[in-house]
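The structure under discussion appears below in the form of structure tokens.
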Amino acid sequence: MNAQAAASTAASTAQPDFDAIIIGAGIAGLYQLHNLRALGLTVKVYETGTDVGGTWYWNRYPGARFDSESYTYGYAFSKELLDEWNWVEHFEAQPNTLRYLNHVADKFDLRKDIQFESRVDAARYDEANGHWIVTLASGEAATATFLITALGPLSAYTLPRIPGVDSFRGEACHTARWPKTPVSFAGKRVAVIGTGATGIQTITEVAKTAAHLTVFQRTANYAAPLHNRPITPEEMAEIKASYPAIFARCRETPGCFIHMTDPRGTFEVSPEEREAFWEKLYSEPGFGIWQANFRDMLKDPAANDIASAFLKKKIRERVKDPAIAEKLIPKNHGFGTRRVPLESGYFEVYNQPNVRLIDLHETPIERITPEGVKTSAEDLAFDMIIYATGFDAVTGGFDRVDIRGRDGQTLKAKWADGPKTFLGLQSAGFPNLLTIVGPHNAAARCNIPRCIEQNVEWVTDMIRHMRQHNLTHIEATAEAEDHWTSEINELAKDMLYTLVDSWMTGVNRNVEGKDVRRVLQYQGGAPAYRDHCDAVAADGYRGFILR
């Protein structure tokens with residue numbers, strides 16, 4: 001028997017080591033830990049990284065920053081925390097966001113229950129003892145009554161399936177595994193592969209100092225101006241005084257941003273009014289151009305076509321070379337049907353003499369070589385290759401842990417043709433497994449800390465209810481799961497994004513088997529999702545088996 005098997009056997013015969021084990025010490029894991037400790041539970045958090053932060057720990061690439069307003073992003077649960085923290089920019093950069101999360105961990109003394117450099121390899125439900133056995137990559141194992149995943153929807157990064165990736169002799173990294181030490185681009189020939197949100201932020205920064213930058217683009221993306229700027233002391237004082245109203249606003253909107261969908265239809269106003277409205281949104285900070293657009297923009301193909309035409313016009317105005325502009329204009333999706341990247345001078349980068357764009361549909365990459373990149377047309381030498389090739393989103397983090405429920409069923413196999421959940425928080429056959437920010441809840445298209453707080457607080461209230469009634473087991477019924485999954489699919493059927501390959505539909509061609517679109521998100525909006533969850537709780541947690 002190997003050490004891992006021995007540890008699992010020993011763990012399965014003992015009383016649970018903890019009331020709850022949480023996987024991940026990002027925004028969700030920290031808040032869930034804080035809440036469960038307040039209930040008096042014993043909790044252990046396992047975190048792969050060397051410190052807290054999750055997304056903001058791993059994604060240190062140049063240009064990484066919020067695309068939602070800073071003051072809508074931080075935790076809302078503590079007035080003292082809100083009063084003492086000062087945001088620096090309207091859309092905060094990664095270093096200060098990581099400082100914020102470290103401040104939270106210190107303020108609430110969270111690190112004492114977190115074990116760092118501890119990657120969870122497997123989790124198995126022990127039916128005989130009614131607890132979860134969690135095994136780390138090191139072979140260490142522990143048990144708990146509840147297993148709570150706080151994996152994050154964009155945590156399982158993916159490298160491209162290109163031959164020779166390991167052969168390159170220069171500097172190379174994925175944006176989600178950026179070095180902690182400073183990286184210089186000065187005097188270097190740099191390649192960036194990928195032009196999604198991460199690529200757009202990275203490209204804009206690299207182009208400022210690299211001797212030469214080559215961008216390899218597979219899918220062109222619409223992007224809109226961020227319009228970021230510093231927050232003045234006077235503005236910060238006003239923000240602090242306005243926090244109750246800010247968070248109330250976030251609770252009202254479909255995505256928990258401060259931007260509310262316009263109640264008008266695209267064709268209910270004149271062409272002149274439409275143009276003026278779009279110009280206004282385009283000139284304002286943040287996601288308004290996406291989240292506060294006409295109500296039918298993401299459902300009606302004709303409405304989406306003319307909104308897309310407006311964004312195409314903007315690209316053509318900003319890129320001097322018409323041929324390059326056409327390469328940068330999406331051909332396979334409409335505006336807003338993929339998550340919209342926000343940028344600060346991205347399109348102007350292609351006006352620089354040190355930047356070259358290569359369209360992979362015209363000249364695909366054949367392989368990575370020791371010196372650089374070989375395309376179908378030429379061999380290119382580089383000093384550095386940056387992979388901005390994204391994530392196996394939403395379910396990818398779950399797939400990378402061997403999670404086994406009742407009768408040894410794996411969660412990966414159960415979800416192979418698409419997730420099956422109840423409320424996006426549980427899956428039948430996996431008792432006491434709670435999936436914070438998992439598939440089928442509102443979080444994947446949300447200003448994520450706002451949806452995290454709702455998820456965490458609901459789970460906390462559920463566990464409080466169980467403890468008050470001496471209950472130790474909760475499991476979604478198959479009927480509730482079927483009904484919720486059907487509702488998820490029904491809500492999504494009229495959404496244009498379901499016709500597009502993107503991480504929002506679970507497509508990632510760098511991952512075997514992830515080339516079929518799936519519905520991963522609740523499309524009714526965060527307020528309706530919250531109402532569903534509250535109604536289930538008010539009705540004695542109907543849809544769950546409690547004992």
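Sequence positions, counted from 1, serve as the residue numbers for this chain.
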Check: Trp484 ring centre within less than 6.0 Å of His532 ring centre: yes

Step by step, would you call Tyr46 with Phe116 a ring-ring contact (aromatic ring centres under 6.0 Å, His included)? CA-CA 6 Å; Tyr46 291 118; Phe116 296 105; over 10 Å; no

Tell me every residue that passes ring-ring contact (aromatic ring centres under 6.0 Å, His included) with Phe335, counting only those two or more places apart in sequence or in another chain. Tyr222

Parallel, tilted or perpendicular: rings of Trp87 and Trp85 (30°, 60°): perpendicular

I'd like to know whether Gln15 forms a side-chain hydrogen bond (donor to acceptor under 3.5 Å, both in side chains) with His131, so could you lay out the CA-CA distance, the side-chain angles of the two residues, the decisive distance to 0.1 Å, and finally the verdict. CA-CA 9 Å; Gln15 290 298 309; His131 58 229; over 6 Å; no

Quiz: residues 540-547 side-chain donor-acceptor pairs under 3.5 angstrom, not counting sequence neighbours:
{"unit_1": "Tyr541", "atom_1": "OH", "unit_2": "Met462", "atom_2": "N", "d": "3.4"}
{"unit_1": "Arg542", "atom_1": "NE", "unit_2": "Asp539", "atom_2": "OD2", "d": "3.0"}

Please say which of Val437, Leu154, Asn455, Thr55 ends up in a side chain to side chain contact (heavy atoms under 4.5 Å, CB included) with Ile448. Val437

Check Asp83 with Lys79, please: is the shortest side-chain N to carboxylate O separation under 4.0 Å? yes

Per-pair distances, 0.1 Å, donor-acceptor, side chain in residues 414-424, under 3.5 Å, sequence neighbours excluded:
{"unit_1": "Lys414", "atom_1": "NZ", "unit_2": "Ser427", "atom_2": "OG", "d": "2.8"}
{"unit_1": "Lys414", "atom_1": "NZ", "unit_2": "Ala428", "atom_2": "O", "d": "2.6"}
{"unit_1": "Lys414", "atom_1": "NZ", "unit_2": "Glu481", "atom_2": "OE1", "d": "2.8"}
{"unit_1": "Lys414", "atom_1": "NZ", "unit_2": "Glu481", "atom_2": "OE2", "d": "3.0"}
{"unit_1": "Trp415", "atom_1": "NE1", "unit_2": "Lys420", "atom_2": "O", "d": "3.2"}
{"unit_1": "Trp415", "atom_1": "NE1", "unit_2": "Ser427", "atom_2": "OG", "d": "3.4"}
{"unit_1": "Lys420", "atom_1": "NZ", "unit_2": "Lys414", "atom_2": "O", "d": "3.4"}
{"unit_1": "Thr421", "atom_1": "OG1", "unit_2": "Gly424", "atom_2": "N", "d": "3.0"}
{"unit_1": "Thr421", "atom_1": "OG1", "unit_2": "His440", "atom_2": "ND1", "d": "3.1"}

Is the distance between the ring centroids of Phe277 and Phe294 under 6.0 Å? yes

Would you check, one step at a time, whether the test side-chain hydrogen bond (donor to acceptor under 3.5 Å, both in side chains) holds for Trp503 with Asp392? CA-CA 7 Å; Trp503 72 258; Asp392 183 5; over 6 Å; no

Between the side chains of Arg406 and Asp126, is the shortest nitrogen-to-carboxylate-oxygen separation below 4.0 Å, so that they form an ion pair? no

Residues two or more places apart in sequence or in another chain: which of them pass ring-ring contact (aromatic ring centres under 6.0 Å, His included) with Tyr125? Trp132

Quick one: disulfide bond (SG atoms under 2.5 Å apart) pairs with a partner in residues 438-523, sequence neighbours left out? Cys446-Cys451

For Asp402, the option from Val120, Thr410, Asp121, Leu411 that meets side chain to side chain contact (heavy atoms under 4.5 Å, CB included): Thr410

Any idea how Tyr522 and Tyr529 line up, ring-wise: parallel (<30°), tilted (30 to 60°), or perpendicular (>60°)? tilted

Would you please name every residue forming a ring-ring contact (aromatic ring centres under 6.0 Å, His included) with Phe391, sequence neighbours left out? none

Got a salt bridge between Arg111 and Asp109, using NZ or NE/NH1/NH2 to carboxylate O under 4.0 Å? no

More than 12 foreign heavy atoms under 6.0 Å from NZ of Lys299: is that the case here? no

Among all residues two or more places apart in sequence or in another chain, which pass the side-chain hydrogen bond (donor to acceptor under 3.5 Å, both in side chains) test with Asp494? none

Which residues pass the side-chain hydrogen bond (donor to acceptor under 3.5 Å, both in side chains) test with Ser118, sequence neighbours left out? Gln115

In Ile436, Val43, Ile452, the residue satisfying side chain to side chain contact (heavy atoms under 4.5 Å, CB included) with Gln32 is Ile436

Quick one, Arg339 with Asp67, criterion salt bridge (Lys or Arg N to Asp or Glu O under 4.0 Å). Give me CA distance, side-chain angles, the key distance, then yes/no. CA-CA 11 Å; Arg339 199 176 198 278; Asp67 51 18; 2.5 Å; yes

Got a sec: does the CD of Glu512 have more than 12 other heavy atoms crowding it under 6.0 Å? no

cation_pi(Arg517, Tyr497) dist<6.0 Å, angle<=45: no

Could you tell me how the ring of Phe257 sits relative to the ring of Phe287: parallel (under 30°), tilted (30 to 60°) or perpendicular (over 60°)? perpendicular

Does anything in residues 502-511 pair up under salt bridge (Lys or Arg N to Asp or Glu O under 4.0 Å), and if so which pairs, sequence neighbours excluded? Asp501-Arg509

I'd like to check Asp534 versus Arg530 (side-chain heavy atoms, cut-off strictly below 4.5 Å). Are they in contact? yes

Steps toward side-chain hydrogen bond (donor to acceptor under 3.5 Å, both in side chains) verdict (His259, Glu69): CA-CA 10 Å; His259 311 284; Glu69 288 75 5; 3.1 Å; yes

State, without any angle test, whether Asn447 and Arg450 hold a side-chain donor-acceptor pair at a distance under 3.5 Å. no

I'd like to check the side-chain hydrogen bond (donor to acceptor under 3.5 Å, both in side chains) partners of Gln201; sequence neighbours left out, ordered by chain and number. Tyr61

Look at Lys107 together with Glu80 and state whether they make a salt bridge at an N to O cut-off of under 4.0 Å. yes

Report the C-alpha distance between Lys44 and Asp113 in whole Å, list the side-chain angles of each, state the deciding distance to 0.1 Å, and finish with yes or no for salt bridge (Lys or Arg N to Asp or Glu O under 4.0 Å). CA-CA 5 Å; Lys44 175 66 76 175; Asp113 293 318; 6.0 Å; no

For His34, enumerate each residue passing the ring-ring contact (aromatic ring centres under 6.0 Å, His included) test, keeping only those at least two apart in sequence or located in another chain. Phe77, Phe108

So does Arg295 pair up with Glu268, basic N to acidic O under 4.0 Å? yes

How about CD on Glu273, more than 12 heavy atoms from neighbouring residues, nucleotides or ligands closer than 6.0 Å, or not? yes

Sequence neighbours excluded, the answer for salt bridge (charged side-chain N to carboxylate O under 4.0 Å, His left out) partners of Arg65 is Glu89

